[in-house]
Protein chains: 2
Amino acid sequence: MEKQATIIDIARTLNISTSTVSRALRNTFDVKAETREAVMALAEKLNYQPNRLAISLLKRQTHTIGVIIPNLDFVLSTMVKGIDEVALEAGYTVMVCQSNESFGRELVNTKRLLDSLVDGIIVSVSSETKVFEHIKKIKDRNIPLVVFDRVNKEIVAPHVQLDNVEGGVLATEHLLEQGYQKIAILAGPQNLDISNKRMEGYLNTLKKHGLRIKKDFIIHCDFNQDYAYEATKELLTMKNRPDAIFTISDRMAIGASLAIKEKGLRMPTDIGLVGFNNEPITKLVTPNISSVEQPAFEMGKITAKLFIEMMNSKKDMNNEEIILKPKLFIRESSLRFTKKV
Amino acid sequence: MEKQATIIDIARTLNISTSTVSRALRNTFDVKAETREAVMALAEKLNYQPNRLAISLLKRQTHTIGVIIPNLDFVLSTMVKGIDEVALEAGYTVMVCQSNESFGRELVNTKRLLDSLVDGIIVSVSSETKVFEHIKKIKDRNIPLVVFDRVNKEIVAPHVQLDNVEGGVLATEHLLEQGYQKIAILAGPQNLDISNKRMEGYLNTLKKHGLRIKKDFIIHCDFNQDYAYEATKELLTMKNRPDAIFTISDRMAIGASLAIKEKGLRMPTDIGLVGFNNEPITKLVTPNISSVEQPAFEMGKITAKLFIEMMNSKKDMNNEEIILKPKLFIRESSLRFTKKV
DNA sequence: TAAAATACCGGTAACGTTACCGGTATTTTC
DNA sequence: GAAAATACCGGTAACGTTACCGGTATTTTA
């Protein structure tokens, strides 16, 4: 079984033309039943597989979707799983590229995917990405594009994202409800939309309750456990230290948690903590960490569905915007009182 | 910029043949300097990109590597990152498929990758996989294959894997050194090679120290936190309960840890615990969990390198076997005495 | 200055498949 | 039983690129 059998091999052995074989293998249109069966039988016997390259070249589509993501953490790999699920169902193969949160790598990845002639691209931008020329190039080539999770207003394309503002609201309202008054926030990089939105929710909630916003309580740092640890240490040495911290990721919450424990403070008594993403780890550390969940798997599936709808309908969906709702999971790190009825 | 420019467009506007354009764009062989420059300039202007499909069809290679993995957990996604790194460097694009630990899905994935005409496949088998006909089909088609991490002797192909026996030895020796005598093991599914090997290391070490092996202390369960939790609860209700547990994954160690805490036992005083993989989480739970690390990123890189070497040299490497050494990280969960000098 | 070597270029086939058109043979219609 | 419809099939071009061969025009060699 050295070489893959082709349509020509079948045609030759059956003494018919390749056109007829081609038709027999697919449509059953304009082909006699017995010849069709003969073709089918031989194809089976030779283990014939149509050559996708030839078909792709001819039809100018590869049935491949490129996905660019900043990393493969819990949330994103769950989203990818969702995308995969739906894409596979619809007959597409998915090509995943990680940018490792690097802008340069993101450029290379987009170039590579365009070069691979993918039918479309789904992207979640890296935290370093501040300009979007490479994304525009995708649109210039008339290649369908959907952005998800880490979106940006400058990108003209359908968006699928979490209601990040609402996420910030949920966390902050909950902390206030638990009697915390001086709430700090560990936000992410300033150019990241998801970070700003979550902070917006935090700010809105404080304003709504007539609380003063302290600049010192707003820390921008990398999505990184170590940075969060350092930042929290700083926060806790302030003369008027915060009595609660909202971090926009669970990794950061873990870092904060370590700093808090090291300082000898206890959660939730002395200080409250709420993270974001509801990663499994939040349930495993002591104390458990409250966290805002995003429906990652769902988001992946919806993104892929929207994408496929766009591919099929060919209509302009640039203004489409799907927003999913977050959900707060309350755990030990912030639960001082059981909820009043 | 509607349609992608082709070599034919360039040829036509320059009034030369496509052959010449093709040569000009690559070799500079048999082509006058000025025509080459003219071609280059026009190509630049039209933003010409060679069509990979056409080239792949002609050359019968796609410069794509398919990777099949059971999931995207910490270890495997780190390995994929390593593969990606090396593959990209060598001009290959990587197509990752998850089997979700499902045999059926693994079949679909291999079929899909073969269908996509990848130049080769790198695979780590799912925990459900007990027969390897689908893998044989890859070999039948003469497509280079490397297995890594989750390998199996039945697969005829180069193997890259951890010295799992040594991992089991490291963990068990350490527990004995710490004075634990009755060591139980939470092993994985029985058909999984990595599980059996780690257990082999455990058994060897006990034998070496002249200790009796208790059947009751060997539990086979799924790679799952919940199963590990239940299994540990059972273990701890035995009249002669173990005083240490070695789990072959960190997920399982977490489950065990929960059961231990629930039972009111303390680590490392009452009971010792060692996990496997050295996932970040081991450092974050209380107590920290000792764990055997495998050099995942390195393993990914080595796998890809071996693979590319195989592709280039075309020689038979089926007997190649690369074995990487694990390393034990000792933490609170098993450290009763600081090491004697 | 004729012969040989070289520089440069074009034509054709090929990779595997499908779309389209046209052409026989067979069947249907009245 | 002739005309019209239908069933079935084959040939050709096309997708974009490169390998190979052969052919002029120019340069080198003696």
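Each chain gets a letter, A, B and so on, in the order its sequence line appears, and its residues count up from 1.
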Handout entry: Whole-Å gap separating P (C/dC9) and CD1 (B/I16)
Key = 7 Å

Practice task
Measure distances between side-chain N and O atoms of B/S19 and base N and O atoms of C/dG11, and say whether any donor-acceptor pair falls under 3.5 Å.
Solution key: yes

Practice task
Quickly, which of A/T303, A/I122, A/D149, A/D73 forms a side chain to side chain contact (heavy atoms under 4.5 Å, CB included) with A/M79? Name it, please.
Solution key: A/D149

Exercise for the section: Answer with base, sugar-phosphate or nothing: what part of the nucleic acid does A/T35 contact at a heavy-atom distance below 4.0 Å? Expected result: sugar-phosphate

Completion exercise
Taken to the nearest whole Å, CG/B/D9 to P/D/dT17 is 9 Å

Practice task
Measure from CG on A/L57 to P on D/dA13 and round the result to the nearest Å.
Solution key: 18 Å

Exercise for the section: Report the base-pairing partner of C/dG23 (Watson-Crick or G-U wobble, both distances below 3.5 angstrom), or none. Expected result: D/dC8

Problem - Sidechain-backbone polar pair: B/E106 side chain, B/S126 backbone, donor-acceptor under 3.5 Å - result: yes

Handout entry: B/E34 CD - C/dA7 C1' separation (whole Å)
Key = 13 Å

Problem - Which residues share a salt bridge (charged side-chain N to carboxylate O under 4.0 Å, His left out) with B/E128, sequence neighbours left out - result: none

Exercise for the section: Show your reasoning for whether side-chain hydrogen bond (donor to acceptor under 3.5 Å, both in side chains) applies to B/D119 and B/T62. Expected result: CA-CA 6 Å; B/D119 287 346; B/T62 53; 3.2 Å; yes

Handout entry: Exercise: do B/S22 and B/R26 side chains pair donor with acceptor under 3.5 Å
Key = yes

Problem - For atom CD1 of A/I55 and atom P of C/dC15, their distance in whole Å - result: 16 Å

Practice task
For A/K59 and for B/V31, find the nucleotide of DNA chain C with the closest heavy atom, then tell me which residue's nucleotide is more 5'.
Solution key: B/V31

Handout entry: Distance below 4.0 Å between A/R52 side-chain N/O and C/dT18 OP1 or OP2
Key = no

Handout entry: Side-chain N or O of B/R23 closer than 4.0 Å to phosphate OP1/OP2 of D/dT18
Key = no

Practice task
Inspect the contact between B/E298 and B/K305 and indicate whether a charged nitrogen and a carboxylate oxygen are less than 4.0 angstrom apart.
Solution key: no

Practice task
Give a yes/no on whether any side-chain N or O of A/S22 is located under 4.0 angstrom from OP1 or OP2 of C/dT18.
Solution key: yes

Practice task
Grab the CG-C1' distance between B/L58 and D/dC20 for me, whole Å please.
Solution key: 12 Å

Problem - Value in whole Å for how far the P atom of C/dG16 lies from CG of A/L25 - result: 15 Å

Exercise for the section: Heavy atoms under 4.0 Å is the rule here; annotate nucleotides 22-28 of chain D 5' to 3' with B where the base is hit, S where only the sugar-phosphate is, and - elsewhere. Expected result: -------

Practice task
Using a 4.5 Å cut-off on heavy atoms from C-beta on, say whether the side chain of A/Y48 contacts that of A/L25.
Solution key: yes

Exercise for the section: Grab the CD-P distance between A/Q4 and C/dC15 for me, whole Å please. Expected result: 15 Å

Exercise for the section: Would you mind pulling out the nucleotide paired to C/dC15, Watson-Crick or G-U wobble, both distances under 3.5 Å? Expected result: D/dG16

Problem - Paired nucleotide for D/dA30 [Watson-Crick or G-U wobble; both distances under 3.5 Å] - result: C/dT1

Exercise for the section: Verify the contact: side-chain N or O of B/R26 to OP1 or OP2 of D/dA19, cut-off strictly under 4.0 Å; return yes or no. Expected result: yes

Problem - Under 3.5 Å side-chain donor-acceptor pair for A/S102 and A/S99 - result: no

